[in-house]
2 protein chains.
Amino acid sequence: MATIRDVSKYSGVSVATVSRVLNNSSKVKSTTKKKVLQAIKELNYKPNAVAKTLFKKQSYSIGLIIPDISNPFFPEVARAVEDTARHYGYRVILCNSDGNREKEKDYIEALSQNHVDGLLVTSISENSDNFKGLHMPVVALDRSKGKEIPCVYVDNYEGGKLAARTLFENGGKVFAEISGPYNLITAKERSRGFHDFLKKKEKTALTYEGEFDFKHSIVVAGKLLDENPEVDSVFVGNDQIGIALIKEAMLRGLRIPNDLQIIGFDGIEIGGLITPSLSTIQQPIYDLGKEATKLLLDLANKKHVEQTSICMPINYVKRSTTTG
Amino acid sequence: MATIRDVSKYSGVSVATVSRVLNNSSKVKSTTKKKVLQAIKELNYKPNAVAKTLFKKQSYSIGLIIPDISNPFFPEVARAVEDTARHYGYRVILCNSDGNREKEKDYIEALSQNHVDGLLVTSISENSDNFKGLHMPVVALDRSKGKEIPCVYVDNYEGGKLAARTLFENGGKVFAEISGPYNLITAKERSRGFHDFLKKKEKTALTYEGEFDFKHSIVVAGKLLDENPEVDSVFVGNDQIGIALIKEAMLRGLRIPNDLQIIGFDGIEIGGLITPSLSTIQQPIYDLGKEATKLLLDLANKKHVEQTSICMPINYVKRSTTTG
DNA sequence: GTGAAAGCGCTAACAT
DNA sequence: ATGTTAGCGCTTTCAC
């Protein structure tokens, strides 16, 4: 590998000058510039980004810490993050935390030692001191972090209410919910919104606490259906649970949406491709990732940001598991 | 940020000694070691991994270049890669190439300049000079690269044959295929295996060339069904096409598998969760990613590897879109 | 407009 | 067992 020193010798100028033409950092006579460019070409010289990072303390890379890339919500986020990062010349390091505090901490430490320029995190814990004392910006993704950390999120409470209203207005009589795990603030908020709306209508809903995961959801969905055959309207904590519920409902010969209405949450692509397609409260997943990345990079580059807390809109997408 | 120099001063020993305790690289008297450790703690010193990388020419990071993380096959791969890399102390940089040669090249150049220790690539092109002259190992994932590049893959040709045999033995009469794009060697091989088997049985199959993508598949699937209502057995290039075909078939009131049998390829998780669940030729997706990563890291660490070309087994998974 | 030299934070000879 | 020092490849004052 040729170094800047090789280029310097080959072209007969100093390394400083080579650096100047490399970075356009100050005027260089056009004839010497030409010589340098020529040398670079002939030696097939590529600047060593690590050396540059060491000096500049800027790596043009960010860390993306999510619970699990195999969970279908996150690939869409990751794609947005990567696209956006790339657009601004940044690379992204992918980290799966499994919602494990220790694993998250290990990653943060490693990323920090590698001088990434910022962290994008979907963390399990609302307030964690995993993020204390870092010398780089952190943006929380899909988790409202209160005032402590900049974040990009959706109003999960309103989403829950919207699901309840929809089910109610569609003529639902017996309501149920399979929520996400309550230790996730997002799941809790969705649930709270759902129940609050029903309460105003003097209705209640059976509630099962689930997980954001297919395997577990199959079990809970089956249980709900078996224990409560009278239920006709279910709100589920995310689309994966919804897909599991559809499967179990069909296995039991229920007609959807006539016997059973279902509303999911997230709007992952696959929800629209199954039969029946899953009605859902849709988050702008790609834009969530995109805006979070933009915010993070603005922060990393010390640009002025007028909003460090961005709430993105949700909306109800009617597909085939609801009547209206 | 404290540096090794700060620790050295604080503890009254040389930087070399500090480095020694940091890396356990040679014996240090236990009392001085204690002093150093104490200083490290009090100063909250963290070694700068970038500086180390510059010197050692080893970054403990690898690049993962795939077409698109939103394609459901790849999150499972990426998860395996990340798990395995992490297990060996490596980080992974995620890159989406969209199967675009130029984009792939840009990534390779950037990763190379950042001195990643190796590249894991699912490339579109079988033989590309994008990989020529790199000073780091490359492992091809799910793409047989001939002898040029180490690779981890499955026997797609056999998979295609297996699909054909299954459909045939289940009593299929009129066969069809929606293949993946022919410029992908994997798609072509699956298709070739499928047709070769049928030919031996003196059967033919209608063939539509598709894409490994939901949106496009919906269109092709609809077309196939409308233009050939007599078809009763379809092999599709991957599970996504299969899911699209199921959707379109149900839309048209076809009974699966009685009127129409479908076999997919890949074995992505969602295929088992839809109704009807998709029978498929399953690849060991996680293990593919795991073995590829292991191979790459062995290569990066110049360990002796007896096999630079690893073929993983496939198998038929009977679910609800086939009769047997 | 260009060059010399210091230094980013670390490791590894080479001394002692 | 420990210290001194020369880099790794780059950028950036500070001279000229």
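This one's a predicted model, so the numbers in the text were calculated from it and none came from an experiment. Residue numbers start from 1 in every chain, and the chains themselves are labelled A, B, ... in the order their sequence lines are given, proteins ahead of strands.
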Q: Which comes earlier along DNA chain D counting from the 5' end, the contact point of B/Ser26 or that of B/Lys57, where each point is its nearest nucleotide?
A: B/Ser26

Q: Enter the distance from B/Asn100:CG to B/Tyr107:OH here, rounded to the nearest 0.5 Å.
A: 10.0 Å

Q: With nearest nucleotide decided by heavy atoms, which residue, A/Ala16 or B/Lys56, maps closer to the 5′ end of DNA chain C?
A: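 The 5'-side residue here is A/Ala16.
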
Q: Roughly, in whole Å, what's the span from CE in B/Met1 to P in C/dG9?
A: 9 Å

Q: In this structure, how many angstroms lie between the P atom of D/dG7 and the CD1 atom of A/Ile4, rounded?
A: 18 Å

Q: Given atom CG of A/Asp6 and atom C1' of D/dC8, what is their separation to the nearest angstrom?
A: 13 Å

Q: Could you tell me whether the side chain of A/Lys294 reaches within less than 4.5 Å of the side chain of A/Tyr88, counting heavy atoms only?
A: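 Result yes, sub-4.5 Å side-chain heavy-atom pair found.
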
Q: Rounded to whole Å, please give me the gap between OH in A/Tyr45 and C1' in D/dG9.
A: 7 Å

Q: Please classify the nucleic acid contact of B/Val50 as base, sugar-phosphate, or nothing, using heavy-atom distances under 4.0 Å.
A: nothing

Q: Mind jotting down which residue pairs meet the salt bridge (charged side-chain N to carboxylate O under 4.0 Å, His left out) criterion with at least one end in residues 82-93 of chain A? Sequence neighbours excluded, please.
A: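 Residue pairs passing salt bridge (charged side-chain N to carboxylate O under 4.0 Å, His left out), neighbours aside: A/Arg79-A/Asp83.
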
Q: Distance check, rounded to the nearest 0.5 Å: B/Ile66 atom CD1 versus B/Phe74 atom CZ?
A: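 It is 6.0 Å, given to the nearest 0.5 Å.
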
Q: Using atom CG of A/Leu22 as one end and atom P of D/dT11 as the other, report the distance to the nearest whole Å.
A: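 Result: 6 Å.
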
Q: Which nucleotide wins on minimum distance to the side chain of A/Ser19, given the candidates C/dG1, D/dG3, D/dT12?
A: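 Side chain of A/Ser19 sits closest to D/dT12.
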
Q: Counting just side-chain N and O atoms, does A/Lys52 come under 4.0 Å of either OP1 or OP2 of D/dT11?
A: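 It does, given that an N or O in the side chain of A/Lys52 lies less than 4.0 Å from OP1 or OP2 of D/dT11.
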
Q: What is the separation between atom OH on A/Tyr60 and atom P on D/dC10, rounded to the nearest whole Å?
A: 16 Å

Q: Mark yes or no for a side-chain to base donor-acceptor pair under 3.5 Å between B/Arg5 and C/dG7, with no hydrogen or angle criteria applied.
A: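 No such pair is found, so the answer is no.
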
Q: Give the rounded distance in Å between these two atoms: NZ of A/Lys33 and P of C/dG1.
A: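 For the pair A/Lys33 NZ and C/dG1 P, the rounded distance is 12 Å.
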
Q: By nearest nucleotide on DNA chain D, pick out whichever of B/Phe55 and B/Thr32 is the more 5' one.
A: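 Comparing both residues, the 5'-ward one is B/Thr32.
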
Q: At under 4.0 Å, does any side-chain N or O of A/Asn48 touch on OP1 or OP2 of D/dC8?
A: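 A/Asn48 to D/dC8 OP1/OP2: no side-chain N or O under 4.0 Å.
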
Q: Check this for me: A/Lys33, atom NZ, are more than 12 non-hydrogen atoms of other residues, nucleotides or ligands nearer than 6.0 Å?
A: no

Q: For B/Gln58 and C/dT11, give me the distance from atom CD to atom C1', rounded to whole Å.
A: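 Spelled out: CD on B/Gln58 to C1' on C/dT11 is 13 Å.
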
Q: Please state whether the phosphate of C/dA4, meaning OP1 or OP2, lies under 4.0 angstrom from any side-chain nitrogen or oxygen of A/Ser14.
A: no

Q: Among D/dG3, C/dC10, C/dT2, which is the nearest nucleotide to the side chain of B/Pro47?
A: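 So the side chain of B/Pro47 is nearest to C/dC10.
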
